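Only one structure is covered here, and it is reproduced in the block below.
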There are 2 protein chains.
Amino acid sequence: MTNKQPLSTAQSIATHLEQMILDGSLAPERKIPSERQLASRLGVSRAIVREALHELHGRGMIETVHGKGSFVAGIVPTVDESTPLMQLYTGHSRTLYDLFEVREQLEGQAAALAAERATEQDQYRIRKAFEAMEAADPLTNADLDHAFHRSIAEASHNPVLLHVLSSLKNLMLDSVQAAVLNLAHRQAFKQQIDRHHRQIYHAVISRQARWAKKAAMAHVRHVSESLRQIEEQEKRLIRAALEPQPAANG
Amino acid sequence: MTNKQPLSTAQSIATHLEQMILDGSLAPERKIPSERQLASRLGVSRAIVREALHELHGRGMIETVHGKGSFVAGIVPTVDESTPLMQLYTGHSRTLYDLFEVREQLEGQAAALAAERATEQDQYRIRKAFEAMEAADPLTNADLDHAFHRSIAEASHNPVLLHVLSSLKNLMLDSVQAAVLNLAHRQAFKQQIDRHHRQIYHAVISRQARWAKKAAMAHVRHVSESLRQIEEQEKRLIRAALEPQPAANG
DNA sequence: GACAAAAAACTGGTCCGACCAGTGGTGAAT
DNA sequence: ATTCACCACTGGTCGGACCAGTTTTTTGTC
């Protein structure tokens, strides 16, 4: 009908990147490789890459910041500091639990969908993330935990779900780290978490959607409740984690 | 604190051209000056012009043909709101259903929480929204439908959930309108939707969380599946909804 | 060692000039 | 008048250069 002519290089690159974003290969966080990197990797000039990126920008799929890079646009308006929501839970930790409440639902859905839809490649990625997490120190665990959950979210093959979950994670990034760090200190909690992870992992791999969903939801709920429990013990848990290390060594 | 960065040259040129196109300064024929012309006229390099044009192409406002030039895209003035994921499903309608997939979950949760947590004031608001919706014409129904669902989401007293749902709704605003409009035309669908609304309403008001959740989820799923069904009948459903009132009076 | 200042090494933004590849008009050869 | 080579358009691609922000590393000082 219209144009069957070979797409211009920029077009196909844009389409390619778009596909990667939709697939989740490019997570909604800070990830898109630098222009020079893309250029050399794809064997084209930087100008072409820039044109492709502008194309995507026009579609509202990415944002670009001078000096920093290009990022996959978040669905939920990426809250930086000034966002009302941010202050909300910074001051009122209750919102943190609202966050968990929503996350519980979505992680459950993600796990269920992952169990149903994961390709072999997805399963491989999930396994890798899981094994890396198991073999890690409790201290460096935070990122790996994140990676594990994301690998599952990616396997859901629902870009919307992936983006929303990513946004939520961003939203609670600081506090989650505080949580994991603090939970990891307590052997009992950590073991429970590991058990949950194992359950999720096996459920997804063995394609048992219901089980996966339940396990994932239980996991999030457990983390949330553990956190709440701890918070009552040490009220200043989150505040401490958010404050700029007072550099008090003595 | 947000992004007040002076728009890049390419950005402002793109915006400028967009404005001209919308104003009609550039009619939909063989319009847009050549890249070299624009470059010299605007006092920028051709690369910048090309980036701007790609931006517009990404928004679907222009088409470019090798050897001929760039042209204002057909009769379909692009949607002004360039929301992040908006374009996403414009091209890939699959994403629309991903959106519904997530929404199903969250609307269910919202309804359940609303049933549990709604204050008297919430219930009052919900009732008002519901009654307004019932007494309305099928045509003006879209906004009222929106309002009804939001009143429930608000009653969940989970700001995060509200926030996310709001974002998702924004993303599918046009298509939802298309959906409602198209579903409303068909008595069978409309009655089913009304029934769902009634169920949700009563479940929430009578504080039956499980029921509310089920009804809400069924509702979203029904809308999604109805839409899918219709889409197969009339492939151009969404496109039509996105097109500017053809101003066809005769 | 701790810490702040300077430097280097990123990132994107812009420009230039060149050349390739389609398109269309003009004029010469037929 | 038709045909065809040519040339002046158009967009497509390239490479290198430089500017301007950001982040990391190094360095110099206490």
Side-chain angles (χ1 to χ4, degrees), chain A residues 2-17 21 26-27 29-73 78 80-81 173 244-250, chain B residues 1-17 21 26 28-73:
Chain A
T2 49
N3 313 323
K4 277 289 151 283
Q5 306 309 323
L7 298 168
S8 67
T9 311
Q11 305 294 344
S12 40
I13 288 180
T15 305
H16 183 230
L17 288 176
I21 291 174
L26 294 180
E29 202 175 332
R30 67 179 313 294
K31 215 174 178 282
I32 298 183
S34 75
E35 297 174 351
R36 290 174 175 85
Q37 219 168 316
L38 279 176
S40 82
R41 187 186 305 178
L42 298 175
V44 298
S45 75
R46 185 151 86 99
I48 298 305
V49 171
R50 284 182 61 78
E51 288 172 7
L53 291 180
H54 275 85
E55 179 107 14
L56 291 182
H57 181 94
R59 294 187 211 171
M61 304 195 64
I62 69 171
E63 284 175 17
T64 301
V65 181
H66 187 170
K68 287 188 175 178
S70 292
F71 314 84
V72 177
T78 316
D80 278 315
E81 312 98 41
L173 196 139
Q245 293 297 47
N249 23 317
Chain B
M1 281 314 166
T2 52
N3 302 329
K4 281 293 155 278
Q5 319 273 2
L7 298 169
S8 66
T9 312
Q11 307 293 342
S12 38
I13 290 181
T15 305
H16 184 230
L17 288 177
I21 290 174
L26 296 179
E29 199 171 334
R30 189 238 177 281
K31 282 299 135 306
I32 302 181
S34 77
E35 297 174 353
R36 289 174 175 84
Q37 218 168 319
L38 278 176
S40 81
R41 188 188 304 179
L42 296 174
V44 299
S45 75
R46 183 153 83 103
I48 297 306
V49 171
R50 285 183 59 78
E51 288 172 6
L53 291 181
H54 275 86
E55 179 108 14
L56 292 181
H57 182 94
R59 293 186 210 171
M61 306 197 64
I62 69 172
E63 281 176 20
T64 301
V65 181
H66 187 169
K68 288 188 175 179
S70 292
F71 313 85
V72 177

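Since this is a predicted model, take the numbers as computed values, not measurements.
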Which heavy-atom pair separates B:A52 from B:A10 by the least distance, and what is that distance? CB-O, 3.5 Å
Of all heavy-atom pairs linking A:S70 and A:I32, the shortest is O-CB, 3.3 Å
Quickly work out the [X] [atom1] to [N] [atom2] distance and round it to whole Å.
X	N	atom1	atom2	value
B:H66	D:dG11	NE2	P	9 Å
B:E51	D:dG11	CD	C1'	15 Å
B:F71	C:dT23	CZ	P	11 Å
A:L53	C:dG13	CG	C1'	13 Å
B:L42	C:dT14	CG	P	13 Å
B:R50	C:dG17	CZ	P	18 Å
A:K68	C:dT11	NZ	C1'	11 Å
B:E55	C:dT14	CD	P	11 Å

OP1 or OP2 of C:dC10 versus the side-chain N and O atoms of A:Q37: is any pair under 4.0 Å?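 False: A:Q37 side-chain N/O out of range (4.0 Å or more) of C:dC10 OP1/OP2.
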Side chain to side chain donor-acceptor pair (under 3.5 Å) partners for B:T9, two or more places apart: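 So B:T9 forms no side chain to side chain donor-acceptor pair (under 3.5 Å) with any residue.
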Which pairs, protein N/O on one side and nucleotides 14-17 of chain D N/O on the other, fall under 3.5 Å?
| residue | atom | partner | partner atom | Å |
| --- | --- | --- | --- | --- |
| D:dC14 | OP2 | A:S45 | N | 3.0 |
| D:dC14 | OP2 | A:S45 | OG | 3.4 |

For nucleotides 5-8 of chain C, list the nitrogen or oxygen atoms of the protein found under 3.5 Å from its nitrogen or oxygen atoms, one pair per line.
none

Side chain to side chain contact (heavy atoms under 4.5 Å, CB included) partners for B:S40, two or more places apart: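 Expected list: none.
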A:A39: what forms a side chain to side chain contact (heavy atoms under 4.5 Å, CB included) with it, not counting sequence neighbours? A:R46, A:V49
Considering only heavy atoms from C-beta outward, does the side chain of A:R50 approach that of B:R50 to under 4.5 Å?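 No; the side chains remain at least 4.5 Å from each other.
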Derivation and outcome, side chain to side chain contact (heavy atoms under 4.5 Å, CB included), residues B:L17 and B:L53: CA-CA 9 Å; B:L17 288 177; B:L53 291 181; 4.0 Å; yes
[X] side, atom [atom1]; [Y] side, atom [atom2] - distance, nearest 0.5 Å:
X	Y	atom1	atom2	result
A:H54	B:S8	NE2	OG	5.0 Å
A:E55	A:I13	CD	CD1	11.0 Å
B:E51	B:L56	CD	CG	12.5 Å
B:H16	B:L38	NE2	CG	10.0 Å

Please write out the pairs of protein N or O atoms and N or O atoms of nucleotides 7-9 of chain D separated by less than 3.5 Å, giving the distance to one decimal.
none

